[in-house]
Amino acid sequence: MTTVRFLNGLTTIGGNIMEITTATSRVIMDFGMADNGSAADPEILIAEHRLPALKSLFTNPTDHRYQHEAIFISHLHLDHTAALQYLKSDIPVYLSHDSYRLYQSLAASGLAIPLGVNLHAFEYEHHIQIGDLTVTGYASDHDAFGATAFLISDGQHHFGHSGDVRLHGPHVERVQHWMNVFRSLHLDLFMLEATSFSFEPSDNIEFSVPASEDDIQQSFSQLLQTDDRLQVINPYPRNLERLLRFNQTANAYNRPVVWELPYARLLNSFYPEALIHVLASNRLNKQDLASLIPVGLPIIKHEPQRFSLQNSYANLALLTEVKPFMYLHSNGEPLGEYDPRYASLMNFITDNDGELRHLGSSGHATRQALVAIAKTVNAQTTGIWHTFQPETAEKAMQDLDTNILLPAYDATYTF
Ligand SMILES: [Zn+2]
């Protein structure tokens, strides 16, 4: 008998964690938090439903209730990984080879905190045996490098996990591939993220008319050609491919992006052949000087039409030196109004002669695309989570040939 339990994230965006167990084996899918957490006691965080109720994993390094067990991470966004910082157990934590490399580079560049956990990388479509459970990761498309969808099997039953996914990104063929594999197995249960059902389409343009990664670069190239003000970009470093594309577009129009040092190092470690400019400072070491092109702030200030500048929120004050500027918000932090820093960012831009433009692309499929995914996968049961509005998603999918499950925390589902 195989059982499924849901440990968190049924009505939040992120923090969604499920556990699949047999008598001897357990896999836990994702290990995030819906908020970024703070250095509080894990027991309090469990009581507040911010950490999953897996107390021994947070308190006991070697208490193994299962002979075979592992945690699998679908991608490196904090809402899927933040609980790892509280992990005390030496339970293996698996992530895709791409995510693993990204994590190593982020940590080495100072863009992620090093985690003292037992990390393992897997190759896409290689089966990983955790006792009598088999887990297979499939490359997917989300706005995080290395994003994965999972298939979990006990030999008789098959469970799918969409991870976070979109159909308007550059790798839609990957999604098509895993959807076809899942479909052919007529899954017992397919867990689908339903972020876009959280918002009224008219309220949030990002979720109704999805801009693609291509659209971002098209708008950016237009600005590079027509606007002489300094073009400031604020992307999210875990969307590594977008960083590279910004770098390429800006180089093509002879207005190279001057990156902050951690971003420049990150890009260089993945794409050593790329021409990467970095903001000059005394923090550049010998290796940086050999692989990056330093540009000083005075020259950027003097000739803004020759450059673009990547700026993260922590270094916002630097923009007082380069006004007027165009501020291109590209899904970097602070991400939106729910973050109190967002209002400060908006005020800062207005007060400093900046003009704000949103140049983002969502990592999440639209409502229609989510219905299409559920329809294509055609599982026996489709479970909805990773959304504020599971009932709205259920309604939109009621005519499909799949049972819709809105999971409950205190239930155990047996197969
Ligand atoms: Zn997520």
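Counting starts at 1 for both ligands and their atoms, following the listed order.
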query = Tell me, do Leu57 and Lys88 make a side-chain contact under 4.5 Å, heavy atoms counted?
reply = no
Shortest non-hydrogen contact from Thr402 toward Ala379 = OG1-O, 2.8 Å
inquiry  = Using the rule given for side-chain contact (heavy atoms from CB on, under 4.5 Å), can you reason through Phe150 versus Val135, listing the C-alpha separation, both sets of side-chain angles and the distance that settles it, and then say yes or no?
reply    = CA-CA 7 Å; Phe150 288 109; Val135 182; 3.8 Å; yes
task = Please confirm whether the backbone N or O of Thr62 pairs with a side-chain atom of Asn60, one donor and one acceptor, at under 3.5 Å?
result = yes
key: Polar side chain donor-acceptor pair, His386 to His364, under 3.5 angstrom   = no
key: Minimum heavy-atom distance Ser140-Ala149, with the two atoms named   = CB-N, 4.0 Å
request  = Identify which protein N/O/S atoms are less than 2.8 Å from the Zn ion (ligand 1).
outcome  = Asp79 OD2, His80 NE2, Asp164 OD2, His386 NE2
